[in-house]
Amino acid sequence: MSRQSLSKAHEKIKELSWEPTFATPARKYATDYTFEHAPKKDPLKQVLRSYFPMEEEKDQRVFGAMDGAIRGNMFRQVQERWMEWQKLFLSIIPFPEISAARAMPLAISAVPNPEIHNGLAVQMIDEVRHSTIQQNLKRLYMNHYIDPAGFDGSLRYFHSDYCGTIGRQFGEGFITGDAITAANIYLTIVAETAFTNTLFVAMPAEAAANGDYLLPTVFHSVQSDESRHISNGYSILLMALADEANRPLLERDLRYAWWNNHRVVDAAIGTFIEYGTKDRRKDRESYAEMWRRWIYDDYYRSYLMPLEKYGLVIPHDLVEEAWNQIWNKGYVHEVAQFFATGWEVNYWRIDPMTDEDFEWFEHKYPGWYNKYGKWWENYNRLRYPGSDHGPIAFEDVDYQYPHRCWTCMVPCLVREDMVMDEVDGQVRTYCSEPCWWTDKHAFRPEYQGRPTPSMGRLTGKREWETLYHNWDLADICQDMGIVRDDGRTLIPQPHLDLEDPKKLWTLDDFRGHPFPSPNVTLNAMTPEERQAFADDYRKGGPAGRPKDSAEEFRRRVEKVG
Amino acid sequence: MVTTVQEKKEGASAPRPQFTNAEAGALEFPSSTSREYNYYKPARLRRTVYEDVTVEVQPDPEHYLSQGWLYAFADGQAGYPQEWTVLRSSNWHAFRDPNEEWERTIYVHSARVVHQIGQSIENARLNKAFARWDPSWVRQVEGHVGAWAHAEHGLGMHVFVPAQRDAPTNMHNNAISVNSMHKLRFAQDLILYNLALSEEFDDFDGARHRQVWMQDPAWQGVRELVERLTAIRDWAEAVFVTNFVFEPLVGVLFRSRFVMQVAAPHGDFTTPTVVGAGEADYARDLRCSRDMFALLVNDAAHAEHNRQTLQEWLGRWTPPAVEAARRLQPLWSQPNQRLVRFEDSFGEADTQYRSQIRELGLDAPEEA
Ligand SMILES: [Fe+2]
Ligand SMILES: [Fe+2]
């Protein structure tokens, strides 16, 4: 279509909506935002008669690449270390995609602008596309990769696994609560505009470096729809800003959404990219370097900051703190170590780190070895089952099993930041002050003295360990179903060696290890015990060191420094 | 913000490919042949691609979601509450879309439809076919076919788009979102067709469709009904009433019994192609709705409750639909060639409506 006929078509399509006079669409999803004074802002325009053929053509390329990868025996050069993490990644991602589709009517019902409605409806079907295309990619991996275990039960495991909640809120956050908080600020302004870069651009690049050129094909195709979604979100944000009364809500939601996305996405994608790769070229960008470029420069400085002039209060402190977490506080390393500590209750295999990996980490993150090296050496030492030791989480390797953050459900890994408080009659721990604030102040029916009746709630059994308090590890695994088809060998393994059955952990190796819940334990303490516990916990780290060895570590570092 | 692929930095090294032999079948070990999504039971013997990419993507605390939903609305409702419809099911997850729609089929189908429509308009233009239209018919297309675009748009945007948030499983919601796109696309097809015609006929009033939709007494019953359908809170009621009451009694009546019958005798072979695409999509969506509601009507535990509820909905919504249809009657006498009588057209539509209801095991109410 020519440019002129395209713009005529856009104008014409506007004629489709009308002001109803007999009845108005059911207001199904509440919001505390108002759009009474909002001038209408239009998003990128889309005419369906060019949209469908355009997407269909993109699909043809994707399916062509899939056939090509199979014919070209791609899996002969795919790195298992990388592919194993795809069992987690590709269980997470179809859910936020489909949740984004489901979120669209929330935004449509909240925003009185038919032009935006059209954009949002197209986004809805885009997201159905993304979700199903990704499920299909995972299916291909399951069919052609050496170890299908984990892919085969991915959507059962993901929904009950010990870190599934971390990924799941990057999806659940889109579909409930205040319609604008969920479907605009959390979903589009932060998740899509900022964090899809790490998901759909950084991840694929790393996949390619690990021999997998299919993931890039699929995810670039997904990412190419993203600019339209970003434009929908931006138009809504500008409309919301027109009303002064919305500004405190925008400030609240941007703080929550930014921090939660950082906690969740940086935890997962950071781990995949730094610990799931075999590509240790010194000149390849680290996750921190990518983050600095795409999130800090391209999103924060180029997208968010210019919105200040429209009255948007930007959480500068939280952006700086997120960077501080990644660069100085070892956030990604702490998370990767937590995943590996809990390899027993996952559904993929986690490869130990080698000398080459150590060297790369030290090069990219000076001081890494002093903090994390010993623990990974222990991980390597304990990788095969043996009569003299259990799995690493139950051995003395100078690691204190962490408490969960009640809000983001990533554990309180940067120990000094842990916040403990009694909220809703329960003693809860939080990984950080902003996560504490999210539960205590943001997700409440009142905010800064103003009623916020539409705001959502945190619900669910948010600490996974509570489900299995003091269960035997073998029983937990059986309950989760993460056992292979011989009925005894586990799907998760702390190494990649499949040749020798004696190297594979079985349920028998797990028996006799009770798994207590930190939160249940904490609530059973007296207030004094609890305070002492919290004080000690904050003195722990890095790399999960308990207080005493943490203090010794700091003395040693100071002496060297 | 970046939506393009990263540029390779000047002088950067490239990763070396390595032989890893991580191919299926390279080794035998426990689960080395476990190559099926084993967390759901396929509807038939073999799993389909459609099922593999659809089932369980939207989790459910009744299945594997052991920690429950993590976020809720202010009133505590979370995820996909079954209470968002008064209908009940002993197993919502049993539903499968008979059209097996997923990414591939959605785009292949709709791309083909828009291509076909584009082609037939283009052919008509090249063959000067528009010049052969009976002038009385041009007015019909200008006003009435144009007005119909609004009905499709309103239902697509405000019945089906929200319904795909509200239904309890991914199978329901994906199918309903496909239904909504059919309607939204068809609405655009019609309105852009209207635009194309205003470039073909000197006296074609491209704005009249709106006036007809908003003011022509013949259309006010349809508009009222459409607006009332968008106001229904219960997703199942909205979907059921739209596809089983509104569509056969009003939609098919106008599209198939009027436009498709009357166009050709007035020299118009193009409009039926455009409108026919929408009709074909309705047939596709109806097939899906039929399976969706048949499951509920035959539910092991709730058949009676569901039957009664659906019967109640039929009782409540059939009279205004019949009324809306009857108010369209003047359309039948406007074209020059009066080849079909309204009563005959309506009779056929009514017969189709009744047989669709009976197929579900329900009774159509006495004609209002
Ligand atoms: Fe998406
Ligand atoms: Fe947190």
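Naming: A, B, ... by sequence-line order, numbering from 1 per chain. Please read these numbers as outputs of a predicted model, since none were measured by experiment.
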Considering only heavy atoms, which portion of A:I13 lies under 4.5 Å from any heavy atom of chain B: side chain, backbone, both, or neither? both
Check: B:H63/A:H159 side-chain N/O donor and acceptor closer than 3.5 Å: no
Would you tell me whether A:R102 and B:N170 have side-chain atoms, one donor and one acceptor, within less than 3.5 Å of each other? yes
Taking NZ in A:K282 as the centre, count heavy atoms belonging to other residues, nucleotides or ligands within less than 6.0 Å. Is the count above 12? yes
Heavy-atom contact with chain B under 4.5 Å, split by part of A:L106: side chain
Strictly by modelled atom types, are B:S34 and A:D485 linked by a side-chain donor-acceptor pair under 3.5 Å? no
Please flag which part of A:P25 lies under 4.5 Å from any non-hydrogen atom of chain B: side chain, backbone, both or neither. both
Count the heavy-atom pairs under 4.5 Å between each of A:E55, A:M124, A:E80 and chain B, then report the option with the highest count. A:M124
Could you tell me which portion of A:S160 (side chain, backbone, both or neither) has an atom closer than 4.5 angstrom to a non-hydrogen atom of chain B? both
Given a strict heavy-atom distance threshold of 4.5 Å, which part of A:E463 is in contact with chain B: side chain, backbone, both, or neither? backbone
Name the region of A:P445, side chain, backbone, both or neither, that has any atom closer than 4.5 Å to a heavy atom of chain B. neither
For B:Y39 together with A:F158, are the ring centres under 6.0 Å from each other? no
In terms of heavy-atom pairs under 4.5 Å with chain B, the winner among A:R462, A:E499, A:R168 is A:R168
Do A:D32 and A:T452 have side-chain N/O donor and acceptor atoms under 3.5 Å apart? no
With chain B, which of A:M104, A:M83, A:K8, A:R284 has the greatest number of heavy-atom pairs at distances under 4.5 Å? A:K8
Which answer fits A:A101, side chain, backbone, both or neither, if we ask what part of it has an atom under 4.5 Å from a heavy atom of chain B? both
Chain B contacts, top residue of A:F151, A:Y29, A:F200 (heavy-atom pairs, under 4.5 Å): A:Y29
Go through A:D178, A:L458, A:T165 and name the one with the most non-hydrogen pairs under 4.5 angstrom from chain B. A:T165
Are A:R27 and A:S109 close enough that a side-chain donor and a side-chain acceptor fall under 3.5 Å? no
